J.: 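Below you will find the structure I want to go over with you.
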Amino acid sequence: MIKTSHEISNIDGYIKYNFFEIHPDLESIIAEDYFTYATEDFRKQEQCEALYKKNFYDKYDEETYKEVYEKYINNENFKAKAMFIYSVVDLEKYEEFVASNTEIANPNELTLSYSVLDSTGVKIDIYNLTIVDISFVF
């Protein structure tokens with residue numbers, strides 16, 4: 001696993017960090033600026049919203065796919081997870097990955113985990129995603 005941490009905030013010495021654990025086989029799909037997620041330097045909100053619109057609102061009619069809207073599209077927790085994925089995964093790199101990996105033997109092993117750490121040593125796990133979760137939002 002590739003493990004990286006990046007400072008999110010520092011208020012009066014209380015520091016919070018993004019902490020990523022990335023399977024080496026997924027490193028190739030990670031955006032160069034993934035570490036800016038949840039920081040003041042994050043600049044991809046509009047891009048993430050556009051991807052969510054394209055992959056969900058534009059793809060599924062609300063009347064025809066009521067259950068999909070109820071379970072996923074209008075679910076704020078699901079939307080937050082999708083926005084996280086759009087923030088850290090580079091679309092072009094992901095498309096190249098898919099083209100060169102038409103079959104994956106153990107998809108549950110290809111994981112991307114995200115946690116928040118603080119300067120007191122507390123770790124809060126936020127997302128533990130597999131390539132299956134990532135592919136679902138694209």
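Hydrogens, waters and symmetry mates play no part in the numbers below; they use all other heavy atoms, side chains included. These numbers come from a predicted model, not from an experiment.
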J.: Can you sort out the partners of Lys53 under side-chain contact (heavy atoms from CB on, under 4.5 Å), two or more places apart, ordered by chain and number?
T.: Tyr57, Asp58
J.: Please tabulate, one pair per line, all N/O donor-acceptor pairs under 3.5 Å involving side-chain atoms of residues 8-17, not counting sequence neighbours.
T.:
{"from": "Asn10", "atom 1": "OD1", "to": "Gly13", "atom 2": "N", "distance (Å)": "3.3"}
{"from": "Tyr14", "atom 1": "OH", "to": "Asp118", "atom 2": "OD2", "distance (Å)": "2.7"}

J.: Could you give me the CA-CA distance, side-chain angles and deciding distance for Val88 and Leu112, then say whether side-chain contact (heavy atoms from CB on, under 4.5 Å) is met?
T.: CA-CA 10 Å; Val88 300; Leu112 166 64; 3.8 Å; yes
J.: Any donor and acceptor pair, going by atom type alone, linking the side chain of Asn75 with main-chain N or O of Asn77 inside 3.5 Å?
T.: yes
J.: Starting at OG of Ser119, measure out to CD of Glu7 and round the result to the nearest 0.5 Å.
T.: 9.5 Å
J.: To which residues is Met1 joined in a hydrophobic cluster, defined by side-chain heavy-atom contacts under 4.5 Å among Ile, Leu, Val, Met, Phe, Trp and Tyr, whether direct or through other members?
T.: none
J.: May I have the list of side-chain donor-acceptor pairs in residues 64-71 shorter than 3.5 Å, sequence neighbours left out?
T.:
{"from": "Thr64", "atom 1": "OG1", "to": "Asp61", "atom 2": "OD2", "distance (Å)": "2.9"}
{"from": "Tyr69", "atom 1": "OH", "to": "Tyr60", "atom 2": "O", "distance (Å)": "2.8"}

J.: Do Lys81 and Tyr127 make a side-chain contact, defined as non-hydrogen atoms from C-beta onward lying under 4.5 Å apart?
T.: yes
J.: Go through the structure and list residues passing ring pair (Phe, Tyr, Trp, His ring centres under 6.0 Å) with Tyr114, not counting sequence neighbours.
T.: Phe20, Tyr37, Phe84
J.: Given the rule that I, L, V, M, F, W and Y join up when any side-chain heavy atoms are under 4.5 Å apart, are Val98 and Val89 in one cluster?
T.: yes
J.: Under the side-chain hydrogen bond (donor to acceptor under 3.5 Å, both in side chains) rule, collect the residues that match up with Ser5, sequence neighbours excluded.
T.: none
J.: Minimum heavy-atom separation for Val132 and Ser135, please, with both atom names.
T.: O-OG, 2.9 Å
J.: Can you confirm whether Leu129 sits close enough to Thr111 that some side-chain heavy atom of one is under 4.5 Å from a side-chain heavy atom of the other?
T.: no
J.: Once you round to the nearest 0.5 Å, how far does CD of Glu21 lie from CG of Asn128?
T.: 8.0 Å
J.: Quick one: does Leu110's side chain get under 4.5 Å of Phe97's, heavy atoms only?
T.: yes
J.: Do the non-hydrogen side-chain atoms of Val122 and Leu117 ever get within less than 4.5 Å of each other?
T.: no
J.: Return the minimal non-hydrogen interatomic distance between Tyr52 and Tyr72, and the atom names on each side.
T.: OH-O, 3.7 Å
J.: Is there a side-chain contact between Pro107 and Ile131 (heavy atoms, below 4.5 Å)?
T.: yes
J.: Rounded to the nearest 0.5 Å, how far apart are OG of Ser113 and NZ of Lys3?
T.: 9.5 Å
J.: Does some side-chain heavy atom of Phe78 sit less than 4.5 Å from a side-chain heavy atom of Ile73?
T.: no
J.: Side-chain atoms of residues 24-35: list all donor-acceptor pairs with protein atoms under 3.5 Å, sequence neighbours left out, distances to 0.1 Å.
T.:
{"from": "Asp33", "atom 1": "OD1", "to": "Lys44", "atom 2": "NZ", "distance (Å)": "3.4"}
{"from": "Tyr34", "atom 1": "OH", "to": "Thr4", "atom 2": "OG1", "distance (Å)": "2.9"}

J.: Quick one: list whatever passes salt bridge (charged side-chain N to carboxylate O under 4.0 Å, His left out) with Lys79, sequence neighbours left out.
T.: Glu49
J.: Salt bridge (charged side-chain N to carboxylate O under 4.0 Å, His left out) with Lys93: which residues, sequence neighbours excluded?
T.: none
J.: Could I get the full list of side-chain hydrogen bond (donor to acceptor under 3.5 Å, both in side chains) partners for Asp90, not counting sequence neighbours?
T.: none
J.: Taking side-chain contact (heavy atoms from CB on, under 4.5 Å) as the definition, give me every residue that meets it alongside Asp125, ordered by chain and number, with sequence neighbours left out.
T.: Ser115, Lys123
J.: Applying ring pair (Phe, Tyr, Trp, His ring centres under 6.0 Å) between Tyr86 and each of Phe138, Phe56, Phe42, report the one that passes.
T.: Phe138
J.: Who are the side-chain hydrogen bond (donor to acceptor under 3.5 Å, both in side chains) partners of Asn101, not counting sequence neighbours?
T.: none
